[in-house]
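Below, read A as the first sequence line, B as the second, and so on, with proteins coming before strands; counting in each chain starts at 1.
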Amino acid sequence: MTVPDLLRAELIRAAQELGAPEPVDPVLERPRDASFGDWTTNLAMVLARPMGRKPRELADAIVGRLALHDVGMRDARIAGPGFINFWAEPARVTERLRAVVADRAAYGTAGVGQGRPAVVEFVSANPTGPLHVGHGRQAALGDAIAALLAATGWRVAREFYYNDAGVQIQNLAASVQARIAETVSRPAVIPEGGYHGEYIREIAERYVAEHPGDRSGADIDRIREFAVAELRREQDRDLQAFGVRFDTYYLETSLYTDGLVDEIVATLARADHAYERDGALWLRTTAFGDDKDRVMRKRDGTFTYFVPDIAYHVTKWRRGYARAINVQGADHHSTVTRVRAGLQALGMDIPPGYPEYVLHQMVTVMRGGDEVKISKRAGSYVTVRDLIDEVGRDAVRYFFLMRRGESHLSFDIDLARTQSDENPVYYVQMAHARMSGIFRVGGIDPATVTGDGVDLSLLAAPEELALTNALLDYPALVLGAAEALEPHRVTTYLHDLAELAHRWYHRHHVLGEAPALTRARLVLARATQIVLRNGLALLGISAPERM
RNA sequence: GCGCGAGUAGCUCAGUUGGAUAGAGCGUCGGCCUCCGGAGCCGAAGGUCGUGGGUUCGAAUCCCGCCUCGCGCACCA
């Protein structure tokens, strides 16, 4: 049991002895201000009303019944309206560092997922152009969320869904066809809703080169297949450059060829929530919270997009995923109700909250104080590739993960590309490089550092206790970030941790001190290195040994 | 008009699920290099948490109204 766990149990015991109503669940928090100690609880204020007592007086009674020393505390004081503040016994705190250096990469992982399967779907770009910055944010978010779930005991698959069946694909083919026509000196007429980027011209040129039999671009099916294949390859290259790997690629077209779309429509039609009107087949999504009913099958006999969407999510359920998490741009938020409504209407006992959604707001790219809106290849938008080429993969990932998904994100290229202390990603990486530097200079293999026989009570300086406390908070941080599906918490934490590490490094030396003290500090340096590396790994950012 | 999201320092944003004197980065101003790497450290200035009510011991956080911005409101995806 960790120190706060012991204290929590002791608080429960004391409160129950005083006749507190069940259940007692004391919240232990880190106080904002260090002068309020190491831990604080509002237990007395929470219990005051149900127990009919005054908060401070109740706090006094609780403290009087605590065996402080047994749970690693050296003092408890009542403050303000009824807070109970605790000061930990430093040696009991630093003692916990042994577990950090022993667990290494496993430190901060948990088993709450119990090995159950979960699927995280993200990016899922139409193969109609290079990935844009919004996809980049999504790639960083989705990959980190997947890592967080994996770290907390879920068996995670990363999935990319290809909308390779819709109207957009027809527009793509027609756009390429128009550019092919241009190569045989006919004017290009890009269709309405078509694509104007420079990359369309490139694809047209390659098509002509590789299909001498169709120089005029008459074979629209062949053009479509070629263009989709080309763009999928390009997207894959970009994702690879970003360090994102998918376990599965699911093709929308397969839902049709497998007959699943027909099956789903048939089931929905039987399920009492479907009806015919104006020659179309409708689903009564209003029965599940939608603001109006939706068409499933159009008058022309084709399906609307949300039917294959429902079918797709049925496959996730049938493939055994206990959780399905979809990372999408907030401009798709209207699909949430529809997909869930469709799954409920099927009557397959799929939970109402399935799938879960993480929606993120837009990204604006800033340079020199102005918004950047275009790129050479894509024309009307900035690509992920542009960003990666300009500021590097680590900086792009870090910047995309600095903010909550719900916040608009302003990507400052100038800041991201500075190689100085102004750049937060280097600040965190540098802390790791410094810890690594200690071992390098000392000629010590960090993997051999253990707490065995080391007197950790020698770590008594304020900077050492503050750093140790932060390191010990890491597992709870990971749990919270995973539960909330919020990777930015990890980014914020790592920045704070790096600050504590830099401060400690600056004020205290590890090598060249008295041998016992050096050994203790090596354990702290090793633990810091481990947590920085584990945290950066969750974000998909490298932890360099030197910079 | 309806739905979703966001309004916190000059700018970009955090804020531990309701806690104490609201934080960080950038920008501005001022200090620190005989040192395991200065890609670092120390300090200063900077706030009506959009706004008006409400809930309670206690609100940036929860509820209601209003204002501003973004996104979505297709038999497109």
Side-chain angles (χ1 to χ4, degrees), chain A residues 27 29-33 35-36 40 42 45-46 48-49 54-56 79-83 85 124 126 128 163 165-169 171 193 252 278-282 290-292 294-300 302-306 308-309 329-337 359-362 364 366 369 402-412 414-415 418-427 429-431 433-442 473 476-477 480 483-484 488-489 491-493 495-496 498-499 502-503 505-513 518 521 525 546-547:
Chain A
V27 175
E29 292 182 304
R30 293 289 193 181
R32 189 190 303 281
D33 192 323
S35 67
F36 293 137
T40 185
N42 62 356
M45 290 181 286
V46 173
R49 178 180 290 270
K54 292 178 178 171
R56 286 192 63 109
F83 291 102
N85 296 331
S124 296
N126 289 341
T128 54
N163 290 116
V167 176
Q168 317 283 7
I169 301 298
N171 289 337
E252 182 185 1
D278 303 334
L281 182 66
W282 296 66
D290 205 354
D291 55 353
K292 56 183 170 184
R294 306 290 167 177
V295 170
M296 291 192 284
R297 194 176 55 225
K298 298 181 252 182
R299 264 181 302 218
D300 66 6
T302 61
F303 298 107
T304 56
Y305 74 93
F306 93 105
D309 253 13
D331 53 342
H332 287 75
H333 81 260
S334 61
T335 67
V336 176
T337 325
L359 302 179
H360 65 87
Q361 297 291 330
M362 303 292 106
T364 52
M366 305 295 289
M402 276 199 299
R403 311 302 188 199
R404 302 163 58 224
E406 295 83 8
S407 292
H408 281 257
L409 190 143
S410 174
F411 195 107
D412 185 342
D414 302 317
L415 179 60
T418 46
Q419 303 212 345
S420 75
D421 56 344
E422 297 163 2
N423 192 334
V425 62
Y426 293 117
Y427 187 79
Q429 288 182 316
M430 185 60 195
R434 280 187 143 170
M435 297 303 121
S436 305
I438 294 168
F439 297 106
R440 186 171 57 245
V441 171
D473 288 343
L477 178 279
E483 188 191 340
H488 79 276
R489 294 192 194 190
T491 317
T492 308
Y493 166 85
H495 188 271
D496 293 344
E499 182 175 4
H502 283 304
R503 190 174 296 155
Y505 178 93
H506 189 259
R507 299 230 180 118
H508 304 282
H509 271 237
V510 175
L511 304 174
E513 299 292 326
T518 288
R521 286 185 173 162
R546 59 198 311 169
M547 297 175 71

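Annotation: B:G72 and B:C62 have their C1' atoms spaced 27 Å apart (nearest Å). B:U55 sits 11 Å from B:C64 when the C1' atoms are compared, rounded to a whole Å. Across B:C13 and B:A6, the matching P atoms stand 13 Å from one another, rounded to whole Å. Between B:C75 and B:G18, the two P atoms lie 40 Å apart (nearest whole Å). Separation of the P atoms belonging to B:A9 and B:U48 is 8 Å when rounded to the nearest angstrom. Taking the C1' atoms as reference points, B:U56 lies 12 Å from B:G19, given to the whole Å. On the P atoms, B:G52 is 13 Å away from B:U61, given to the nearest whole Å. Here, B:A59 and B:U17 have their C1' atoms 13 Å apart, quoted to the whole Å.
Base orientation for B:C62: anti, the chi torsion being more than 90° from 0. Taking 90° from 0 as the syn/anti boundary, the base of B:U17 is oriented syn.
Within 4.0 Å (heavy atoms only), A:H360 reaches no atom of the nucleic acid at all. Among the heavy atoms of the strands, none lies under 4.0 Å from A:A525. Nucleic acid contact for A:F36: base, since at least one base atom lies under 4.0 Å from a heavy atom of the residue. Within the 4.0 angstrom heavy-atom criterion, base atoms lie near A:P81. Residue contacts shown for A:R403 include a base, since a base heavy atom lies under 4.0 Å away. Within 4.0 Å of A:N85, counting heavy atoms only, lies at least one base atom of the nucleic acid. At a threshold of 4.0 angstrom between heavy atoms, the contacts of A:V441 are confined to the sugar-phosphate backbone, with no base atom among them. A:A48 comes within contact range of no nucleotide atom at all, as no heavy-atom separation falls under 4.0 Å.
Summarising the geometry of A:Y427 relative to A:H502, their closest heavy-atom pair is O-NE2, 3.0 Å, with the distance given to 0.1 Å.
For A:M547 and B:G38, the CE to C1' distance is 13 Å, given to the nearest whole Å. Distance, A:L409 CG to B:C13 P: 7 Å, rounded to whole Å. Rounded to an integer number of Å, the gap from A:H408 NE2 to B:G7 P is 10 Å. Here B:C42 presents its C1' atom at 17 Å from OH of A:Y505, a figure rounded to the nearest Å. A straight line from CG of A:L477 to P of B:U17 spans 12 Å, rounded to a whole angstrom. The distance from atom CE of A:M402 to atom C1' of B:C26 is 10 Å, rounded to the nearest whole Å. In this structure, CG of A:D414 is placed 13 Å from C1' of B:U12, rounded to the nearest angstrom. Spacing between atom NE2 of A:H509 and atom P of B:C41 amounts to 15 Å, rounded to whole angstrom units.
Residues satisfying the side chain to side chain contact (heavy atoms under 4.5 Å, CB included) test with A:Q361, not counting sequence neighbours, are A:R137, A:A330, A:H408. Taking the side chain to side chain donor-acceptor pair (under 3.5 Å) definition, one finds that A:D278 meets it with nothing, sequence neighbours left out.
Side-chain N/O atoms of A:H488 include one lying less than 4.0 angstrom from OP1 or OP2 on B:G15. Within the 4.0 Å cut-off from OP1 or OP2 of B:A6, at least one side-chain nitrogen or oxygen of A:R404 is found.
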Problem - Dot-bracket pairing map - RNA chain B, Watson-Crick plus G-U, both contacts under 3.5 Å, | cross-strand - result: (((((((..((((.....[...)))).(((((.......))))).....(((((..]....))))))))))))....

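Remark: side-chain polar atoms of A:T40 are not paired, donor with acceptor, to backbone N or O of A:P31 under 3.5 angstrom. Looking only at distances, a side-chain donor or acceptor of A:T518 sits under 3.5 Å from a matching main-chain atom of A:E513. Of the possible donor and acceptor atoms, one in the side chain of A:R521 sits under 3.5 Å from a partner among the backbone N and O of A:H509. Looking at A:R56, its side chain does come within 3.5 Å of a backbone N or O of A:G80 through a donor-acceptor pair.
When the nearest nucleotides of RNA chain B are assigned to A:G442 and A:M362 by heavy-atom distance, the more 5′-ward of the two goes with A:G442. Closest-nucleotide positions on RNA chain B for A:F83 and A:I438 were compared, and the one nearer the 5' end corresponds to A:F83.
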Practice task
Going 5' to 3' through nucleotides 72-77 of chain B, assign each nucleotide B (protein heavy atom under 4.0 Å from a base atom), S (under 4.0 Å only from sugar-phosphate atoms) or - (no protein heavy atom that close).
Solution key: SSSBBB

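Heavy-atom neighbours of A:E406 CD from other residues, nucleotides or ligands within 6.0 Å: above the threshold of 12.
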What protein N or O atoms touch nucleotides 60-63 of chain B N or O atoms at under 3.5 angstrom, if any, and at what distances?
none

Pick out the pairs of N or O atoms, protein on one side and nucleotides 44-51 of chain B on the other, that lie under 3.5 Å.
none

